[in-house]
Amino acid sequence: MLRIGLTGGIGAGKSTVARRLSELGAVLIDADLLAREVVEPGSEALDEIVAAFGPGVLRPDGSLDRPAVAASVFADEELRSRLNAIVHPRVGARTEELVARAPPDAVVVQDVPLLVENDLGARFELVVVVHAPADVRVRRLVTDRGATEADARARIATQAQDTARRAAADVWLDNSGPVGGLLAAVDTLWRDRIRPFEENLRQGRTVALPRERVPSDPRWPAQAARAAARIRRACGPRVVRVDHVGPSAVPGLPAPDVLDLDVCVAGSAGVRAVAGSLSMAGFSPCPGTPGGPAAPGDGRRDRLVVHGSSDPGRPLRLSVHPVGDPAGARAQLLRDWLRAVPQMWAGYLEAPPDVLAPGSKEVPEAAREWVRQTGWRPAT
């Protein structure tokens with residue numbers, strides 16, 4: 001099962017994308033609809049809201065007057081927190097019920113308006129953000145929903161800004177133009193990334209790693225940070241630290257479009273203990289990779305296992321090892337050395353692309369000399 005988080009600012013077109021994904025075969029779970037469901041007349045949540053906010057939040061028919069509640073909490077953070085504490089846990093529980101009913105090969109799309117604001121991205125294997133410029137969104141809210149321009153801009157101002165959404169997005173869908181272009185982009189995403197990702201995830205397959213060097217991509221650090229957050233959430237306290245290493249961790253350095261993450265776990269048993277959790281999160285073991293799964297009886301599998309990504313849109317390589325294994329220190333050293341001494345890039349670029357790959361034991365003498373001169377020590 002592949003879980004996708006779908007979000008976007010008000011008026012950006014998130015509902016249009018959700019409908020299209022549902023038409024293509026996704027199981028759609030709409031957080032707004034669930035929020036209405038859990039406060040239906042007779043529900044415990046509605047009773048708690050009335051107790052907290054008074055009977056004035058009810059319509060004559062006994063249902064919740066959502067506009068009245070929204071108006072009362074709009075500018076009051078304390079009231080908004082009280083409302084969220086009543087509604088959000090119930091929406092979460094109902095969501096998990098629906099996810100549990102989905103078939104094993106399902107693509108589950110969770111429409112979550114406040115995914116970025118509530119820092120929920122790590123819960124999903126893929127986050128899709130629908131974007132449109134603020135002026136376009138204001139025009140849509142005024143034209144399609146009857147809002148005043150002032151109200152539209154005020155609503156937009158309370159939501160996450162574009163920089164935060166970009167940092168959370170694995171996929172950025174631009175909806176500033178005609179809707180046909182957006183729908184075509186969704187169709188391509190489904191065909192080329194989502195369906196292959198789900199199949200790879202279900203089969204425990206990883207995507208091939210490109211070897212050709214490309215110009216350094218400024219998006220790599222944010223992509224690595226999102227992967228690290230998913231790893232920590234999937235594995236819990238067994239993961240001691242996750243570091244972005246390898247050539248893609250050196251700003252400005254041409255490198256293969258592969259994110260190398262060094263995953264340090266508690267104890268040798270942790271290497272195998274986290275394997276299942278990583279696979280479920282989209283990071284499966286890679287047989288045949290340097291340092292990867294070994295034959296039975298080979299102690300390497302308790303020391304260093306390489307995992308890859310099932311996502312065809314984001315090649316990734318994890319080096320999973322216990323605390324104190326030299327692999328982590330070497331990876332940090334080579335990264336920090338190349339960050340500190342760009343003059344050494346020429347030597348790296350003359351070497352094979354995998355010179356900084358997980359499991360590599362090669363440490364240039366120049367890097368050793370740099371350690372002696374600077375007193376560098378690996379992070380622990």
Side-chain angles (χ1 to χ4, degrees), residues 1-35 84 87-102 105-132 159-175 182 185-186 188-190 192-198 200-202 219 222-234 277-278 280-283 309-314 316:
M1 179 185 299
L2 176 64
R3 294 180 69 162
I4 296 176
L6 173 65
T7 194
I10 185 170
K14 175 172 56 63
S15 297
T16 300
V17 173
R19 284 194 297 271
R20 187 60 155 198
L21 289 171
S22 179
E23 292 168 358
L24 291 169
V27 175
L28 180 63
I29 300 176
D30 188 325
D32 271 347
L33 292 180
L34 294 185
N84 290 343
V87 175
H88 286 182
R90 291 176 167 88
V91 170
R94 181 64 176 140
T95 296
E96 293 308 314
E97 289 178 13
L98 296 175
V99 170
R101 295 180 186 175
D105 62 348
V107 173
V108 177
V109 175
Q110 293 180 225
D111 183 338
V112 187
L114 299 181
L115 182 149
V116 175
E117 290 83 347
N118 292 329
D119 194 23
L120 302 177
R123 299 185 178 189
F124 306 97
E125 286 81 56
L126 199 69
V127 170
V128 177
V129 175
V130 187
H131 168 74
Q159 296 185 331
Q161 299 305 298
D162 289 348
T163 52
R165 287 203 174 94
R166 280 195 180 275
D170 298 300
V171 177
W172 184 263
L173 293 176
D174 186 355
N175 187 29
L182 176 66
V186 175
T188 300
L189 173 65
W190 179 266
D192 295 347
R193 188 168 185 179
I194 291 177
R195 285 308 323 180
F197 191 175
E198 184 283 320
N200 288 343
L201 185 62
R202 182 163 31 92
R219 298 174 298 177
Q223 293 170 354
R226 290 197 297 274
R230 287 170 180 142
I231 291 165
R232 293 189 188 97
R233 179 174 176 81
S277 297
L278 287 174
M280 291 180 64
F283 311 111
S309 173
S310 298
D311 178 6
R314 179 61 273 165
L316 182 148

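- Side chain of Asn175 to backbone of Ala12: a donor-acceptor contact under 3.5 angstrom is found.
- Atom CG of Asp119 is surrounded by 12 or fewer heavy atoms from other residues, nucleotides or ligands within 6.0 Å.
- Contact annotation: the side chain of Arg20 never approaches that of Trp190 to less than 4.5 Å [non-hydrogen atoms, C-beta and beyond].
- Residues Ala227 and Leu316 share a closest heavy-atom pair of CB-CD1, 3.6 Å.
- Between Arg123 and Glu96 there is no salt bridge, since no side-chain N of the basic residue sits under 4.0 Å from a carboxylate O of the acidic one.
- The CZ atom of Phe197 lies 6.0 Å from the OG atom of Ser310; values are rounded to the nearest 0.5 Å.
- Taking both residues in full, the closest heavy atoms of Arg230 and Phe124 are given as NE-O, 2.6 Å, listed atom of the first, atom of the second, then distance.
- Here the closest non-hydrogen pair linking Glu117 and Ala160 is OE2-N, 2.7 Å.
- A 4.5 Å side-chain heavy-atom check between Glu125 and Ile4 finds every atom pair outside the cut-off.
- Under the 4.5 Å side-chain criterion, counting only non-hydrogen atoms from C-beta, Val17 is in contact with Leu173.
- Using a 4.0 Å cut-off between a side-chain N of Lys or Arg and a carboxylate O of Asp or Glu, Arg226 and Asp170 qualify as a salt bridge.
- Among residues two or more places apart in sequence or in another chain, the side-chain contact (heavy atoms from CB on, under 4.5 Å) test is passed with Asp105 by Pro103, Glu198, Arg202.
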